[in-house]
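Order of listing sets the numbers, starting from 1, for every ligand and every atom in it. Every heavy atom of this structure was used, including side-chain atoms; hydrogens, water molecules and symmetry mates were not. Please read these numbers as outputs of a predicted model, since none were measured by experiment.
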Amino acid sequence: MPVPTSVHKAVVPAAGLGTRFLPATKATPKEMLPVVDKPAIQYVVEEAAGAGLHDVLMVTGRNKRAVEDHFDRAHELEEVLAAKGDDDRLETVRDLSRLARMHHVRQGAPLGLGHAVLRAREHVGAEPFAVLLGDDLIHPDDTLLADMLTAHARFGGSILALAEVDPAETHLYGCAAVEPTGTEDVVRVTGLVEKPAPGEAPSNYAVIGRYVLDPAVFGVLERTAPGRGGEIQLTDAIHKLTGRTEGQGGPVHAVVFRGRRYDTGDRASYLRAVVQLACGRPDLGPGFRSWLRNFAEALPGEPLPAGRQPAGAPAAAAACH
Ligand code: UTP
């Protein structure tokens, strides 16, 4: 359900190289890998549109054609489906081109997420805007983006999304130093560190791929030198906003997300996304869940940890939703 907001535009960076998913991503952007029967990026655009952001700018890299075509009209395909009388599929295909006003810009070279976001400057202008990473899938039933827009209406500035991670994994993420605000699951961000060395993370709150940003971030990004991995890091630019006051690009707050999230650029997380979303689908779920239960029961390996339901028990089906 859209919330009242001054944010109207969404930017979807999808220009990374996707090296963790090679060879599948050699000629296909990782954002186009199917999760059940939709490319990962379609869930992201549906999430933006569902939160009322109907203007979507894709930042694309090599192989951008597939992303562009996916959200465009496909006259030949539509004619074939219409001639067959396959109205359901025809609507599915047509709905895609009506989802949002799609715009595209090329990143040029994959110089980092901060560089990709900077490419959106001309399109976004002087308004606050959302950034949704094209390979970060939030379960369609979770309301993270709407919660962030609500927090933005209340606190202004920029809003991040944080998830608690295992302290042993903080070096894989951007991590936030936070203090309470008095509002449940909204914290004030006082600093950010991109991929901190083991033992140096300010907390185990990791930045995940949804942002509502003050346009002042563009000026900061322009002056942000390449950081970790030689890339221009969005985290480094937002860190600079944490010390600023309202009107200067600050303050920075974050919504703590406790829902379901998948990194579809990571093979194991991608597989979990496919299985979990297939289980929850009304058309595929019933048959797939019973197959999955039998499959899991026949799996060799470790017994389930104490207290966990064996596969086939009613709770196992519920866990799929
Ligand atoms: P990742 O950090 O997952 O980088 O990007 P990557 O290069 O795509 O993946 P690997 O590590 O090689 O497998 C996070 C998001 O930022 C985008 C990606 O497309 C992804 O949505 N991105 C990253 C860009 O758009 N441009 C960049 O230069 C880097």
**Asked** Which of the listed options, Ile232, Val44, Leu17, Asp135, holds the heavy atom that is closest to atom 14 (C) of ligand 1?
**Response** Asp135
**Request:** Would you mind telling me if ligand 1 is within reach of the side chain of His115, the backbone, both or neither, using heavy atoms under 4.0 Å?
**Result:** neither
**Request:** Report the part of Ala15 in contact with ligand 1, treating N, CA, C, O as backbone and CB onward as side chain, heavy atoms under 4.0 Å; options are side chain, backbone, both, neither.
**Result:** both
Is there a polar contact, in the sense of an N or O pair closer than 3.5 Å, between [X] and ligand 1?
| X | result |
| --- | --- |
| Ala109 | no |
| Gln107 | yes |
| Gly112 | yes |
| Ala116 | no |

**Glu91 and Arg98 ion-paired at < 4.0 Å** = yes
**Request:** Would you please classify the geometry between the Tyr270 ring and the Phe21 ring as parallel, tilted or perpendicular, with 30° and 60° separating the classes?
**Result:** perpendicular
**Item:** Protein non-hydrogen atom below 4.0 angstrom of atom 11 (O) of ligand 1 present
**Value:** yes
If you have a sec, work out which protein heavy atom is nearest [atom] and how many Å separate them, to one decimal?
| atom | result |
| --- | --- |
| atom 23 (C) of ligand 1 | Gly16 CA, 3.9 Å |
| atom 21 (O) of ligand 1 | Pro13 O, 3.1 Å |
| atom 2 (O) of ligand 1 | Arg20 NH2, 4.9 Å |
| atom 16 (O) of ligand 1 | Leu113 CD1, 3.6 Å |
| atom 6 (P) of ligand 1 | Lys30 NZ, 3.5 Å |

Any donor and acceptor pair, going by atom type alone, linking the side chain of [X] with main-chain N or O of [Y] inside 3.5 Å?
| X | Y | value |
| --- | --- | --- |
| Arg244 | Gly249 | no |
| Arg210 | Asp136 | yes |
| Gln107 | Ala109 | yes |

**Request:** Run the numbers for me: atoms of ligand 1, each under 4.0 Å from some heavy atom of Leu111, listed by number.
**Result:** 28 (O)
**Request:** Considering the heavy atoms of Pro110, write down every atom of ligand 1 situated less than 4.0 Å from one of them.
**Result:** 28 (O)
**Request:** Answer yes or no: is there a side-chain heavy-atom contact under 4.5 Å between Ile41 and Phe71?
**Result:** yes
**Request:** Determine whether any heavy atom of Gly134 lies closer than 4.0 Å to an atom of ligand 1.
**Result:** yes
So, taking the atom named [atom1] in [X] and the one named [atom2] in [Y], what distance separates them when rounded to the nearest 0.5 Å?
| X | Y | atom1 | atom2 | result |
| --- | --- | --- | --- | --- |
| Asp236 | Leu241 | CG | CG | 11.5 Å |
| Asp69 | Met32 | CG | CE | 8.5 Å |
| Leu96 | Glu46 | CG | CD | 7.0 Å |

**Request:** Check the side chains of His70 and Gln42 for a donor-acceptor pair under 3.5 angstrom, ignoring hydrogens and angles.
**Result:** yes
